[in-house]
Structures are given as structure tokens and as C-alpha cells.
There are 4 protein chains.
Amino acid sequence: MIRTAIVGGTGYTGVELIRLLSAHPQVELTAVSSRSLAGSAVSELYPALRGICDLSFSEPDAIDYANLDLVFFATPHGVAQSMMAETLHKGVRVIDLSADFRLRDVPLWEKVYKTQHAAPDLVAEAVYGLPEINRDKVKAANLVACPGCYPTSVTLGFLPLIESGLVDLSTLVASCVSGVSGAGRQAKIDFLITECSESFKAYGASGHRHQPEIEQVMRDSISANADALRFLFVPHLAPMIRGMHSTLFADLTGSGVDLQSIFEKRYAEEPFVDVLPAGSHPETRSVKGANLCRLAVYERDGRAMVLSVIDNLTKGASGQAMQNMNIMFGLDETLGLTGAPLVP
Amino acid sequence: MIRTAIVGGTGYTGVELIRLLSAHPQVELTAVSSRSLAGSAVSELYPALRGICDLSFSEPDAIDYANLDLVFFATPHGVAQSMMAETLHKGVRVIDLSADFRLRDVPLWEKVYKTQHAAPDLVAEAVYGLPEINRDKVKAANLVACPGCYPTSVTLGFLPLIESGLVDLSTLVASCVSGVSGAGRQAKIDFLITECSESFKAYGASGHRHQPEIEQVMRDSISANADALRFLFVPHLAPMIRGMHSTLFADLTGSGVDLQSIFEKRYAEEPFVDVLPAGSHPETRSVKGANLCRLAVYERDGRAMVLSVIDNLTKGASGQAMQNMNIMFGLDETLGLTGAPLVP
Amino acid sequence: MIRTAIVGGTGYTGVELIRLLSAHPQVELTAVSSRSLAGSAVSELYPALRGICDLSFSEPDAIDYANLDLVFFATPHGVAQSMMAETLHKGVRVIDLSADFRLRDVPLWEKVYKTQHAAPDLVAEAVYGLPEINRDKVKAANLVACPGCYPTSVTLGFLPLIESGLVDLSTLVASCVSGVSGAGRQAKIDFLITECSESFKAYGASGHRHQPEIEQVMRDSISANADALRFLFVPHLAPMIRGMHSTLFADLTGSGVDLQSIFEKRYAEEPFVDVLPAGSHPETRSVKGANLCRLAVYERDGRAMVLSVIDNLTKGASGQAMQNMNIMFGLDETLGLTGAPLVP
Amino acid sequence: MIRTAIVGGTGYTGVELIRLLSAHPQVELTAVSSRSLAGSAVSELYPALRGICDLSFSEPDAIDYANLDLVFFATPHGVAQSMMAETLHKGVRVIDLSADFRLRDVPLWEKVYKTQHAAPDLVAEAVYGLPEINRDKVKAANLVACPGCYPTSVTLGFLPLIESGLVDLSTLVASCVSGVSGAGRQAKIDFLITECSESFKAYGASGHRHQPEIEQVMRDSISANADALRFLFVPHLAPMIRGMHSTLFADLTGSGVDLQSIFEKRYAEEPFVDVLPAGSHPETRSVKGANLCRLAVYERDGRAMVLSVIDNLTKGASGQAMQNMNIMFGLDETLGLTGAPLVP
């Protein structure tokens with residue numbers, strides 16, 4: 001059994017992690033921390049978890065890290081940094097769902113997140129936890145930085161194209177759409193049902209935090225001339241709870257390439273990436289609650305167009321975290337992650 | 001392993017059953033039939049099931065019943081009746097999710113469903129599959145009539161009151177609300193998102209098919225003087241996919257009774273009925289995708305008021321069917337049914 | 001032209017009032033106040049009002065009351081009270097959309113709203129602005145207390161029954177459903193789309209603030225023996241923005257009464273109450289954005305059942321306020337209020 | 001008074017047109033036709049129109065065209081064609097909301113709509129009713145082809161860029177999102193709330209009917225070298241009723257251009273195009289029910305990005321039709337079209 005705890009378990013990635021871990025046969029969840037709710041039952045905050053999780057929230061300091069194999073951080077950015085050295089020092093491995101260790105470029109991180117990095121010396125130790133490109137490094141990692149939802153969705157869609165050098169790197173555009181759970185569980189007027197239901201809008205149109213993260217991971221996979229990358233990312237908010245859809249555009253450098261076959265080959269061995277038959281339109285509901293990315297690829301008048309869907313809370317966060325856990329601990333990568341999406 | 005098949009697997013109770021059975025460790029699903037879609041892959045109709053269910057729809061006649069332990073009927077009313085004698089004759093046990101065998105009074109059934117009953121002689125053989133009142137009969141049954149969603153939600157809410165003779169039976173009112181999946185997967189303008197989203201309405205206000213079913217099951221549980229029952233049931237449609245909420249009213253015959261304690265005792269041993277702490281407001285999302293009924297009970301000025309939620313497709317249909325299966329085959333009643341609700 | 005201003009225009013009843021007043025041919029809206037947003041453009045808060053309302057929010061004190069004919073208060077409870085004496089003193093008439101002057105019983109008000117009443121001596125001066133029962137008093141009023149949304153919806157539904165003495169007053173039950181805009185524009189986690197979408201629940205099940213208001217207005221209309229009134233009100237939250245649906249139950253005292261005809265007669269002259277044909281199911285969307293109450297009445301086994309829909313922000317608040325204004329100033333009662341509901 | 005009628009009034013553009021015309025001070029709506037519902041009241045189909053529209057549906061042949069000034073066709077494609085010669089012959093002017101006369105290239109129309117054109121000789125007579133480019137031609141037109149929703153939204157967004165020759169015409173991409181009312185009022189499983197709510201997907205990804213229409217109208221406005229146009233259009237479906245959002249991308253040919261100012265100037269005199277302040281994110285709800293297009297423009301790393309929102313049923317269909325009517329009959333272009341959007 002993997003003994004584990006969640007630091008910061010009141011948000012949506014926290015509750016999704018509890019849901020997934022509770023169904024994992026090899027995990028014992030020993031503690032969930034919350035500074036503000038310490039002492040009250042997890043199932044009081046989330047009545048859906050009555051009978052699933054009997055824990056009460058603990059103070060973060062009350063967790064007995066030395067007795068654990070693994071800790072998940074599901075905290076706002078800045079928190080994991082401040083506790084990381086101490087945590088790793090106790091011999092616990094860590095999967096961080098926050099943005100704290102995703103960017104290797106510390107000054108860039110500080111610019112994007114508008115705060116000083118609290119553990120710059122640990123950044124190099126972190127492995128970017130996208131198993132589809134970093135599986136081997138994840139195995140050995142003590143600190144896994146779990147990717148953001150947009151970076152997961154966009155990268156998996158562009159990967160077969162940029163690894164093969166098939167597209168003009170100066171033409172990449174990602175027009176992405178997220179359900180509102182991506183904004184987290186925070187009391188903001190913008191995310192009231194009365195404000196965002198029956199409406200659709202872009203946000204962060206002048207630049208979003210996930211852009212440098214996507215650029216970093218894509219650059220790592222570009223076959224040649226990564227400096228040519230000119231990438232435009234624009235996110236939108238759709239009136240739904242879960243789900244992320246990315247529509248990706250890039251000019252093809254040549255013609256006569258069978259994109260469908262390239263995508264199918266690239267992901268043939270990947271348990272959580274599903275290339276749909278040619279002509280498909282992946283729906284976000286087809287991955288609801290499941291650790292899956294479904295893709296469709298089109299060629300349109302000299303351009304490649306990719307449609308990519310994930311559940312932002314599952315393959316886009318907590319499911320991917322548990323996939324990384326399985327890899328880190330030598331388990332079957334799909335353990336606890338084979339449940340069907342909830343449709344309808 | 002229980003070898004099973006689903007007759008009529010294209011509707012929402014069908015796909016929910018596939019989802020649940022695919023996670024059950026003791027079941028082999030060998031066939032799913034559909035007359036109209038025979039030959040095409042289940043996952044073509046429901047891309048969410050890619051990788052979960054590799055079957056193609058069969059013709060109903062192509063199912064090798066003799067080789068099965070159990071068949072589920074997830075068909076419109078009328079179909080199970082027409083195939084039941086033959087099916088039982090082959091030694092297969094049956095769980096029927098349709099309304100065909102729920103009413104013991106055949107003329108009443110024929111009046112309510114406006115058609116002649118095709119197997120009136122088998123009606124007496126059917127056990128009404130609400131485990132919370134009929135567990136022992138279900139164990140031995142060859143034919144289980146799985147309750148409707150409204151009857152499940154309403155009955156579980158009234159049960160502690162009527163079994164104990166605490167309420168004036170002439171004052172029962174159930175004001176219920178269903179998500180639209182209760183209407184099934186049928187191409188009707190009324191259920192377009194453009195017609196039923198952002199709106200709320202009652203339907204069947206002059207009388208709904210589930211009323212006689214609820215009355216029958218409640219009469220069976222009334223401690224005395226069942227003829228006094230005067231029960232008003234009115235359903236409503238809420239703009240959501242899944243979920244059923246019942247608000248139940250009844251005049252108390254006496255005072256000074258601790259309703260909370262009566263409810264808690266009644267369901268103390270029930271794995272799928274959860275009595276919430278006093279003062280709670282059960283939300284339908286707290287049971288989304290889960291085989292659970294959550295209840296809260298109030299006393300208000302001489303009246304009892306009960307709030308009851310289920311997922312109409314799970315405890316209201318396919319989950320309850322699988323619960324009945326577990327009972328019929330001597331398995332742990334909760335096997336395959338312990339997954340957490342999907343929140344948010 | 002009626003010169004008017006809105007005190008507290010940032011909430012949903014405020015913006016709805018601006019929308020309606022902007023289409024009224026006889027009104028000049030001179031100011032909208034907001035303490036927190038004073039100085040910023042109304043259309044910055046509500047881009048939908050660009051080109052409709054060119055005002056900037058003012059400080060409440062900056063409004064030149066002496067120069068106005070009418071002031072609307074669209075403030076949280078407590079505010080109108082504190083400013084009322086002074087406002088009336090300046091010779092301005094007032095329509096208060098808050099709860100401040102709705103209850104004639106000051107100690108009851110203080111118990112319900114858990115605060116001391118700041119203008120108890122003005123309570124007697126206030127006219128309860130439900131035109132369908134108080135039209136003549138409204139005409140002459142200087143201070144109109146505009147009814148709550150639940151009281152409007154419930155009272156209009158019960159009125160023909162209780163005025164005629166047709167029902168047993170000890171059996172009244174109202175099971176009501178509101179869209180989330182009824183909760184106002186406040187940053188609370190409960191009303192995030194991620195929390196209340198795809199879910200349904202009751203709230204205030206042990207007693208809601210609108211209950212005494214409904215009881216007061218119904219008592220005023222009861223033909224005889226108002227003390228017999230025993231009324232249970234329970235509100236629910238539906239995953240939609242606008243709309244309120246009330247399902248009302250009462251035992252009939254006699255039989256052979258033509259309820260349909262009684263309802264049609266009662267409201268024959270009312271421009272904003274629409275009795276639907278027998279057998280109808282009013283949908284909340286059929287009154288979206290319109291100052292209308294649509295009703296259907298059923299007889300079921302000795303009981304009357306009424307279905308009543310309004311838009312909680314229009315006939316339930318700002319539309320009704322403007323209807324009262326038309327009455328107070330001797331205009332055609334329907335002026336500015338004849339726009340069609342927005343369907344789909 | 002303009003005497004008018006609607007042919008095909010049962011769909012969503014039909015009911016929206018009735019809503020808008022009913023508020024227009026200079027229009028008399030004399031008939032609404034529907035072959036299937038002839039004889040039944042319009043308000044029976046749309047209870048929201050009780051008290052707004054007292055007409056019953058007529059047979060199309062029963063309309064007395066000779067007595068009318070204007071006819072709207074709100075029919076599926078193919079119908080207006082078959083009746084057009086006869087209708088124009090009677091001296092009635094026509095606004096066709098269908099696709100029948102939008103494309104000047106008849107063979108292209110026949111390829112796209114997969115049917116023979118029934119009135120190819122009338123195509124040249126039709127004026128494409130986008131007032132922002134064709135106002136003068138609309139004035140004199142007898143037959144106005146009202147633009148599709150995507151073409152309206154996309155064209156108004158690209159117009160300032162392509163008229164000024166600021167962008168590389170081979171780089172145009174439009175990633176668009178529509179509410180489900182764009183699919184019309186048809187009984188299809190795909191558009192059930194249970195199928196499309198809580199989900200997001202692309203559709204028509206290999207090519208959509210509106211692409212050639214957009215290309216035609218954009219080519220007309222391109223300053224030079226229209227053959228260089230390479231345009232990719234991909235539509236998506238969002239879980240909402242109304243609203244259309246287009247995100248447009250194009251490479252800038254130069255730098256140092258003030259896009260904001262170019263957009264503001266282009267639309268300074270347009271009553272129904274609103275250029276938002278720099279940095280804005282237009283929401284579809286900000287135009288709900290209103291005949292408005294709101295735009296925001298960004299420069300991102302050598303690219304122009306435009307965000308464009310309309311209500312697909314209003315500026316995208318029936319509102320634009322009424323705007324065209326105002327122009328054709330010499331009325332103030334905004335008459336009847338100044339109502340505020342419905343927010344929240």
C-alpha cells in the first residue's frame with residue numbers, strides 16, 4: 001500500500017483526487033489538510049463523499065510526513081514551494097498539482113506568477129509529469145510537477161506534428177475552451193451561474209499563464225529549430241462544469257502526409273490517449289471523469305487542425321497525478337483509472 | 001463470473017448499465033442488443049465507451065440465452081413482456097428495468113400503459129426489486145421488476161413514516177423533480193436543450209404513470225388501514241441531465257416523535273440509503289452516478305417533510321438493477337457500486 | 001416625464017430595473033447610486049448596457065432627491081429603512097424593492113431579519129405593492145413596499161381559492177423553485193456554476209424569511225377565519241438563471257366547483273396574470289423577462305393544485321416595481337411592460 | 001404601417017421575428033404560415049406569445065400577398081426559392097432568412113446544399129443583407145438575402161482588417177462557437193439537453209456550409225488580390241441556447257498599426273456594431289436578444305486576433321432581418337431594435 005496525504009484538499013483538484021484515490025486498490029489516504037477547515041469532516045464540505053472518505057481535515061503541520069510514501073500538493077501556487085524542501089527532506093516523494101515547479105526558467109516563473117520563487121534550487125529536481133513524453137523520468141522522480149490542464153490538452157494535440165517536423169512552427173495557434181471548474185472553487189462573482197451560464201467568452205486574451213508552460217514543453221519535443229516557435233494561445237470559458245476542448249491550427253510544411261496514421265502510431269501504446277477515427281468530433285463529455293485525452297486530426301487546405309478533449313480535473317489534473325503515482329511506484333499505469341466516463 | 005446480456009442497450013439506462021457492469025469484478029457482459037443498430041459498435045453510439053466496451057450491438061434473437069446466467073431488459077414497456085416466457089424458459093434469470101412487471105394488478109397496468117399485457121400469467125412471479133423492502137424475495141427471484149425512479153425516491157422517503165403509522169395517510173403529497181435523462185434518449189422537441197434549458201415546469205399534472213406503482217409499494221408497507229391512503233404525486237422537469245429530488249409532505253398523527261431517530265434506525269443497515277444529519281438539504285449532485293438515496297427529514301408545524309435525492313439513472317434504474325443482481329447471485333450487495341459520486 | 005433614480009443599482013433587481021426603465025417612454029432615469037462603485041460607468045459593470053444607460057454610479061448622497069418624482073430602492077434589507085424618513089420628507093415618492101417595509105408587524109420583522117427596524121413609525125404608511133389586491137391603495141401611496149418573488153408567485157396562485165373560501169386553510173402547502181438570480185449578485189461559493197449547475201436542492205427547509213410575508217398577505221385576503229391558516233412553504237434552487245415555479249396544494253372543502261372558471265374570472269381584468277387553459281403546464285421560460293404570472297389549476301382527488309410561474313426578477317421584483325410606478329403616476333398600467341418573453 | 005407576413009413561422013428565427021415585430025411601432029404582422037400547424041394558434045406552440053401574437057398559423061397559400069408590403073421567409077433552404085418568382089411578381093418585397101439567395105454562384109450553391117436551385121435567374125436580383133457593407137443596395141432591393149449567423153459574426157470581425165489590407169489573406173482562421181438554437185427547432189437526438197449540455201465539441205470540421213458564404217462576402221471587401229484568400233472556418237457547439245462567439249486570427253502584414261483605432265473608426269457610425277475598449281472580452285450574454293455585434297481586437301506577436309459576439313437569432317438572423325426592413329422602408333434603422341439585452 002502506498003501511504004499518502006493531500007495538502008490542500010478543499011479545492012476541485014483535491015476532491016477529484018480523493019474520489020480517484022478512494023477507488024485505487026493500492027493506496028491508503030491517511031490525511032487531507034486544510035488550514036481553514038482543520039477539524040471538520042471532509043464529508044461536511046463535500047456531502048458526496050459521505051461513506052467514501054471518513055477523514056477530517058488536518059492542519060498541514062499535523063501530517064506525519066515521515067510516515068508517508070507520497071504527498072500530493074493541491075494548493076494554490078506558492079504553497080508547495082514554501083514546504084517542498086522540508087517535505088522532500090523527510091524522504092517523502094511529492095506530486096505537485098500546482099504551477100510551482102512546472103517552469104524550469106525561474107525568472108520567467110516569477111514574472112508570470114508575479115511573486116518570488118521560494119525554492120529555486122529545487123526546480124531542477126522536478127520532473128514535468130506528462131507521462132506521454134516523460135514516462136521514464138517520472139519513474140525515478142522524487143518531485144513531479146503535474147502539468148496544467150491547457151498544457152496537457154494542447155501538447156498532446158500538437159505533439160505528433162512537432163515531433164515529426166511536419167508543421168511550420170511559426171503558425172501554431174491554440175483556441176481552447178474550458179469548463180468553469182478550471183477556475184477553482186473560489187467565491188468570485190464572475191463564476192456565479194448567473195454570470196457565466198448561457199454565455200461564452202474568451203479570457204486572458206492578451207496572454208495567459210499557461211502559455212510559457214506550453215511553449216516550454218513543446219520546445220522540448222520539437223525535432224529541430226525550436227526557436228522558430230511562434231505560438232498563440234487563447235482560452236475561453238464555456239458554461240459547463242468540467243471539460244476542456246482545444247482546437248489547434250498549424251500550417252503543414254509539406255503535402256501528402258497521412259496525418260491520421262501519424263497520430264495513431266504516435267499514441268498506439270498510450271493507455272490514456274485515444275485517436276478517434278478520421279472525421280470524428282470529440283466531445284468533452286466523452287471523457288467526463290476519466291483520465292483520457294481523445295484526439296481527432298484533419299487536413300484543411302494546407303493546414304493541420306487538431307481537436308483535443310480532456311476532463312480538466314482528471315487528465316488535466318488529478319487523474320494525471322494518479323497516473324504519475326502509478327508510474328513512480330511501479331504499478332500498472334492504469335490502476336484505478338479505468339472507470340468509464342459518466343454519460344449522459 | 002455471472003454471464004449476462006442486455007436487451008435494448010441504446011437508451012440511457014442501457015449505457016448506464018454498461019458503465020456499471022464494466023466496473024464489476026464478477027460480471028461478464030457478453031452481448032448488448034439493439035434491433036435498429038445491430039452490427040454497429042456500442043462505442044460508435046457512445047464514444048465515451050471506447051476502450052470500455054468492445055461489443056457490437058446484436059439482434060435480440062442472436063443472443064444465446066441458454067448460455068447466460070442473467071439478462072437485463074432495458075427496453076421500452078411492452079418488449080420484456082413479449083420475450084419473458086421464452087427467456088425464463090431457457091433457465092436464465094431476468095432483471096427487467098422497464099415497467100412491464102411492476103404492477104401486480106394487470107387490468108390497472110393495462111389502463112395505465114394503454115396496451116394489453118402480453119404475459120399476465122408471469123406477473124405474479126415477478127418480485128418488485130426494491131431491496132430495502134424486498135431483499136429476501138429478490139434473493140430467490142427469477143424475475144425481478146426493477147422499480148421506477150420516482151417510486152424509488154418517493155417510497156424510500158415515506159417508508160419510515162408509513163411503516164410506523166406516524167402519519168395521516170390521507171395527507172400524502174409528493175412534489176418531485178427529475179433531470180431530463182428520465183425522459184430517455186428519444187428525439188423529441190420538448191427535450192431539446194433549447195426547449196428545456198433555463199426553464200422549469202411540472203408535467204403529468206393530471207396524473208402520471210408512476211402514481212399507481214408508488215401507491216402499490218407504499219400500501220404493502222403501511223402498518224394498518226392502507227385503504228385510507230390518499231396520495232398526490234406531481235413530477236417536474238429541471239434543466240439538468242441527471243438527478244431526482246422528491247419533497248414529501250404528510251400530516252403527523254401525533255407529536256413528540258423524534259423523526260430523525262426513526263429515519264436513522266430504519267436505514268441503519270442499508271448500504272445505499274443515507275440519512276443526513278438534521279437540518280441538511282440533500283443535493284442531487286451528491287449522488288451523481290452513485291447508487292445512493294440521501295434523505296433529510298423535518299418536522300414543520302404538525303407535518304413531516306422529507307427531502308429525498310437519487311440519481312434517476314443509478315439508484316433510480318441501472319444501479320439498483322445491479323444491486324438486485326448482487327443479491328440474486330449471493331454477492332456482497334455493494335460489489336461494483338462503491339464509486340464516489342462525480343462532484344463537481 | 002417621471003424623474004427617477006435608483007438607490008443601489010449594482011444587483012440583479014437594479015440592472016433589471018434599468019433595462020425596463022430604459023424602454024419606458026415616460027421615465028427619465030437621472031441617477032443610479034452605488035457606494036462601492038461611485039464614479040464608474042454603469043456599462044462598465046454591465047457591458048450589456050453599453051448604449052442603453054450612459055450614467056455613472058453616484059454616491060447615494062449625491063442624488064438630488066428634491067428634484068425627483070420617484071426613487072426606487074434596490075438595496076439589501078436595512079438600507080431603505082435608514083434613508084426613508086429623509087427621502088419622503090423631500091417630497092419624493094418611493095418604491096422599495098427590499099423587504100424593509102413589507103411586514104406590518106415590526107417585532108416579527110425584527111425577528112425574521114435579525115436586526116432592529118430603523119423606521120418602525122413609517123411601516124404603517126407603506127402599501128404592499130401587489131396590484132392584484134392593492135391597486136387602489138398603491139395609487140395614492142407615497143411608499144410602496146414591493147413584494148418578494150415567492151410571495152408574488154404563491155399569493156397569486158392561492159388567491160382565488162382563499163378569497164372564495166374554497167379550501168381548508170389548515171392544509172396549505174407551497175413547494176417552490178427559484179432560479180439562482182433570486183440569491184442576488186453576491187460572491188458566494190454556493191452559487192458558483194460549478195456548485196449549483198446540474199443539481200437541485202431545497203433550502204431554508206426549516207423556515208424561510210418569505211413565509212411570514214406570504215402569510216400576512218394571504219391572511220388579508222382570506223374570506224373568513226384567517227386564524228385557521230396553517231401554511232408550509234419550502235423553497236428549492238434550480239440550475240437556471242431566472243424563473244420561479246410554485247406548486248401549491250390545498251384540500252378543497254367541497255366538491256363540484258369549477259376551479260378553472262373561478263381562476264379565469266378572478267383574473268379576467270388583470271393585465272399581468274394569465275390563467276392558462278385547463279390541463280396546461282406553465283413553463284418558467286414562458287415569462288422570461290416579462291412582467292407576467294401564468295397559472296394553471298387542477299383538481300386532484302379532493303385537492304386543488306395550482307402551478308404558478310413568474311420571472312423572479314420581473315413580476316417578482318423590478319417589473320412589478322414599474323407596474324406600481326405606472327399605477328402611482330396614473331399611467332396605463334402596462335406602459336413599458338408589454339415586451340414578449342425571450343424564447344428560446 | 002408596413003403590412004407583412006412570415007412564411008414558416010414555427011422555427012426559432014420565426015418566433016424571434018414575431019417577438020421583434022410585435023414591438024415595432026410601424027409594422028402590422030398579418031399572417032404567419034405553417035403547413036403542418038395551419039389552423040392552430042401561434043401561442044399554442046409558443047405559450048410565451050400569449051397576449052403578444054393572436055394569429056393562428058395559416059396555410060402558405062392562404063396568405064394574401066398582393067395586400068402586403070413585405071414577406072419574411074423563415075423557412076428551411078429550398079422553400080423560398082420555390083415561391084420567390086410568384087411572390088415578387090405580386091409586387092411584394094421579400095426578406096429571406098434562409099440560405100436560398102445568399103450565394104451568387106449557383107453551381108456552388110447547388111454543391112453546398114446538395115440540391116438543384118429552383119430560381120437561379122433570381123439570384124442576381126438578391127442583395128446580401130449585411131447593412132454594414134450593403135446598406136445602399138438594401139434600400140432599393142426587392143429581395144434581400146439575410147446573412148447567416150456565422151457569416152455575420154465572422155465578417156464584421158475581419159472587415160476592418162481586410163478592407164485596409166492589413167493582414168496576410170492566406171492566414172485567416174475563424175474558430176467559432178454557437179449556442180444550440182443555431183441548429184433550429186428540430187427533433188434530433190444530438191440536440192437533446194442530455195446529449196449536448198455539459199459538453200463542448202466542434203462540428204462540420206471537414207467543411208461547413210457557411211464557409212463559401214463567408215468567403216464570398218469577404219472577397220467583396222478585400223482591398224486587393226482577393227484570390228490570395230485562404231480561410232479556415234471551424235464551428236463548435238456550446239451548451240447554451242443563444243449566442244455566437246467568433247475568435248479570428250490573421251497574420252499582420254506590417255507593424256505599428258493601431259488596430260483599436262482602425263476598428264473604432266470603421267464602425268463609428270454603425271448603430272449595431274460596438275467596438276469595446278482595448279483589453280475587453282465580449283461575452284455572448286452581453287448581446288442576448290439584442291441586434292448587436294460587439295467586438296474586441298488584439299495584437300499578439302505579429303498576429304491580429306478579433307473576438308466577435310452576436311446573438312445568433314437576433315443580429316445573426318431575425319434582428320438583422322428587421323434592420324434590413326427598416327432600411328428598405330426608409331425608417332430609422334434602429335426602430336424597434338433598441339431594447340436592452342437580457343442580463344442576467
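By convention in this document, chain letters (A, B, ...) are assigned in the order of the sequence lines, proteins followed by strands, and residues within each chain are numbered from 1. Computed from a predicted model, the values in this text were never measured in an experiment.
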(request) Output the option from B/Ser206, B/Ser286, B/Ala205 having the highest count of non-hydrogen pairs under 4.5 Å with chain C. (result) B/Ala205
(request) Heavy-atom pairs under 4.5 Å with chain C are the metric here; pick the option from B/Gly204, B/Cys196, B/Gly179 that has the most. (result) B/Gly204
(request) Measure the CD-OG1 distance between C/Glu198 and B/Thr284 for me, rounded to the nearest 0.5 Å. (result) 8.0 Å
(request) Find out whether B/His236 and C/Val177 are in side-chain contact, i.e. whether some heavy atom of one side chain is under 4.5 Å from a heavy atom of the other. (result) no
(request) Could you tell me which residues in residues 292-302 of chain B have at least one non-hydrogen atom under 4.5 Å from a non-hydrogen atom of chain C, sorted by residue number? (result) B/Tyr298, B/Arg300, B/Asp301, B/Gly302
For [X] versus [Y], what's the shortest heavy-atom pair and its separation?
{"X": "B/Thr171", "Y": "C/Arg303", "result": "C-NH2, 3.3 Å"}
{"X": "C/Glu283", "Y": "B/Ser199", "result": "CB-OG, 3.6 Å"}
{"X": "C/Arg285", "Y": "B/Thr194", "result": "NH1-O, 3.5 Å"}

(message) Counting only non-hydrogen atoms closer than 4.5 Å, can you tell me which residues of residues 237-249 of chain C sit against chain B?
(response) C/Ala238, C/Pro239, C/Met240, C/Ile241, C/Arg242, C/His245, C/Thr247, C/Phe249
(message) Quick check on C/Ser197 against chain B: is it the side chain, the backbone, both or neither that has a heavy atom closer than 4.5 Å?
(response) neither
(message) Please classify the contact of B/Ser170 with chain C as side chain, backbone, both or neither, using a heavy-atom distance under 4.5 Å.
(response) backbone
(request) Please determine, among C/Leu192, C/Asp251, C/Leu307, the option with the most heavy-atom pairs under 4.5 Å with chain B. (result) C/Asp251
